[in-house]
Amino acid sequence: MFEQFYGLSVLLSVLPSGGSEITEIIINLLIQLAVILFAAKIAGELALRYLKLPPVLAELGVGVLIGPFALGAINIPGFGPLFPIPLVDGVAATIPVSNELFSLAQIGSIFLLFAIGLETNLRKFLRYAGPATAVALGGVIVPFALGAGATVIFGFDDGEGFTSSKALFMGAIMTATSVGITARVLADLNRLDSPEGVTVLAAAVVDDVVGILVLTVVVGISTVGTFSLGSVGWVAFKAIAFWLGLTAVGILVAPYLEKVVDRFRAPGAGLVLMSALALLAAGMAEIFGLAFIIGAFSIGLALSITNLGHRVEEQLVPVNEILVPVFFVVMGMLVDVGSMANGLVFGLIISGLAVLSKVLGSGVPALFTGFNMRGSARVGVGMMPRGEVALIIAGIGLSQGIIGQSLFGVSIMMTVITTLAAPIILIPLFKVESSGLRRPETDDTEAQSSGPGSFIAEDTANDY
């Protein structure tokens, strides 16, 4: 009986071609994942036990340590480097990890945002949509202006001033926000459902839409010297219409989905089917010009009003314990500390401006929409991390020749500093047990709202 079963390597070796190559890819991926999971959990335990820090910081840090620019580049006899940098036409790829590993990390981010959506209070999310829009717009306009301005002032604009493609592109990179990192910190602190947490999540969605429009304009100007207002308008329409449509349809059909899923008798049907729906929405979001995590978040948000959503949320916990650390470790692996040396001074200045621009650009509008100083600081810092979003934008600029290695290194430095600094600053801000609202919420006041910027207390304990 057992003679009928073969190892994967034996099966692939009989294929006409490519069998051995596929086998090697799979073996490398399995070993890499094993190392990542071991490293993530050990580092997370040490950080939590001895440093009293959330595991996400340890996962990012250990990613830098074992990544392709550090220990992962060491040649292991009989195996080679554990995390070699892929080559494209003989040149090091912009993303310094394999496509397979990077793709798996992105799946981890999709499941993270799907779970975040399930945990989010939909009523509160809609209630803070107005302030979130103001926060997002400020978090795009101010960073873009400071990024482009600094590039001109420090002479990286090739003498072309604010019309320089390099200046515009640096501005575009500065607008990015990576909500995954902040969301993980808020989840670890049990503050996802706080007014600041919900505002940051909603603002990150709007930031993503506006940021894509900015990037579209900049790339258009950089590649052809001009851009079509009609094409930008079409991109804007597709992105906004898809997001609003997906969320609205999801909310409307969620009760009916629950009835259909409840008819299944197979174990785990709800988890599998709703996860499949989140993955489908993520893929469709990319097609329509949005980040895939927005699609997954929208589906989770729609399902959050159902009992099915709460069951899936609980069942997702062990899944995310495996997938989400892979995402954060791989994000750390993208960091090339050496590439930062070429533009060290400018990189530190840009990084400082990146921190300041989000804290002020997002924090000041929050101050005028119902938050107090502490709450505004929490919102501003929560919008600070650039993460993988800025890395992807920088990769686009490098691959199309818009920016060179020097500005690419500056972008990496800015991304690393904002990504690592945000959790460090955010944790003490939230550990102080005081409301971030000028009019603190109470549990016995009827939920009301006199406007998008009006924060009137509501009972959120029994919304659904």
Side-chain angles (χ1 to χ4, degrees), residues 8 22-51 53-87 92-116 178 180-181 183-185 187-188 275 279 282 292-293 296 316-337 385 387-389 391-392 395 412 415-416 419-420 423:
L8 180 60
I22 296 174
T23 303
E24 183 178 351
I25 290 173
I26 294 174
I27 292 172
N28 288 340
L29 181 61
L30 293 175
I31 294 174
Q32 288 175 344
L33 285 175
V35 172
I36 287 172
L37 292 174
F38 274 121
K41 287 307 175 184
I42 292 173
E45 179 66 20
L46 293 174
L48 196 61
R49 178 175 297 189
Y50 298 108
L51 301 178
L53 294 175
V56 61
L57 287 176
E59 291 162 5
L60 288 167
V62 83
V64 177
L65 182 63
I66 68 174
F69 300 107
L71 298 180
I74 297 175
N75 188 58
I76 301 175
F79 185 81
L82 184 58
F83 294 100
I85 300 176
L87 299 178
T94 301
I95 303 296
V97 296
S98 68
N99 290 336
E100 297 79 21
L101 184 57
F102 188 76
S103 299
L104 189 59
Q106 300 313 302
I107 292 175
S109 72
I110 290 173
F111 274 88
L112 170 63
L113 267 295
F114 179 42
I116 296 302
S178 176
I181 293 160
R184 173 67 181 275
V185 174
D188 289 343
S275 296
L279 292 170
F292 44 71
I293 56 177
L316 268 180
V317 172
V319 177
N320 282 353
E321 287 294 339
I322 296 175
L323 288 177
V324 174
V326 175
F327 168 65
F328 287 105
V329 173
V330 171
M331 287 303 100
M333 288 182 176
L334 303 183
V335 176
D336 180 4
V337 178
E388 78 288 353
V389 180
L391 291 175
I392 292 171
I412 297 294
T415 302
V416 173
T419 299
L420 295 179

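Atom set for the values below is all heavy atoms of this structure, side chains included, hydrogens, waters and symmetry mates excluded. These numbers were taken from a predicted model, which means no experiment stands behind them.
- L279 has its side chain within reach of F111: a pair of non-hydrogen atoms, C-beta onward, lies under 4.5 Å apart.
- Between atom CD1 of residue I107 and atom CZ of residue F114 there is a gap of 14.5 Å, rounded to the nearest 0.5 Å.
- Taking the side chain as every heavy atom from C-beta outward, L316 and S275 approach each other to under 4.5 Å.
- Taking all atoms of both residues into account, the shortest heavy-atom contact from A58 to A43 is CB-O, 3.3 Å.
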Which pairs of donor and acceptor atoms, one on a side chain in residues 26-37, lie under 3.5 Å apart (sequence neighbours left out)?
| residue | atom | partner | partner atom | Å |
| --- | --- | --- | --- | --- |
| N28 | ND2 | E24 | O | 3.3 |
| Q32 | NE2 | L82 | O | 2.9 |

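- Nearest heavy atom pair, residue V329 against residue A40, reads CG2-CB, 3.8 Å.
- Note: F83 CZ to I66 CD1 = 4.5 Å, rounded to the nearest 0.5 Å.
- Not counting sequence neighbours, the partners of I85 by the side-chain contact (heavy atoms from CB on, under 4.5 Å) test are P68, F69, A92, P96.
- For L112, the side-chain contact (heavy atoms from CB on, under 4.5 Å) test picks out I116, V324, F328, with sequence neighbours left out.
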- Message: Under the criterion side-chain contact (heavy atoms from CB on, under 4.5 Å), I'd like the reasoning laid out for I42 against V62: C-alpha separation, chi angles, the key distance, then a yes or no.
- Response: CA-CA 10 Å; I42 292 173; V62 83; over 6 Å; no
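- Among pairs with a residue in residues 318-329, those fulfilling side-chain hydrogen bond (donor to acceptor under 3.5 Å, both in side chains) read K41-E321, at least two apart in sequence or across chains.
- Looking at every heavy atom in both residues, T419 comes nearest to P385 through CA-CB, 4.0 Å.
- For residues 65-74, the set of pairs meeting the side-chain hydrogen bond (donor to acceptor under 3.5 Å, both in side chains) definition, not counting sequence neighbours, is empty.
- Residue-environment remark: CZ (F79) exceeds the threshold of 12 foreign heavy atoms within 6.0 Å.
- Nearest heavy atoms, V97 versus L101: CB-CD2, 4.3 Å.
- Listed by first then second residue, pairs satisfying salt bridge (charged side-chain N to carboxylate O under 4.0 Å, His left out) with a partner in residues 99-111 number zero, not counting sequence neighbours.
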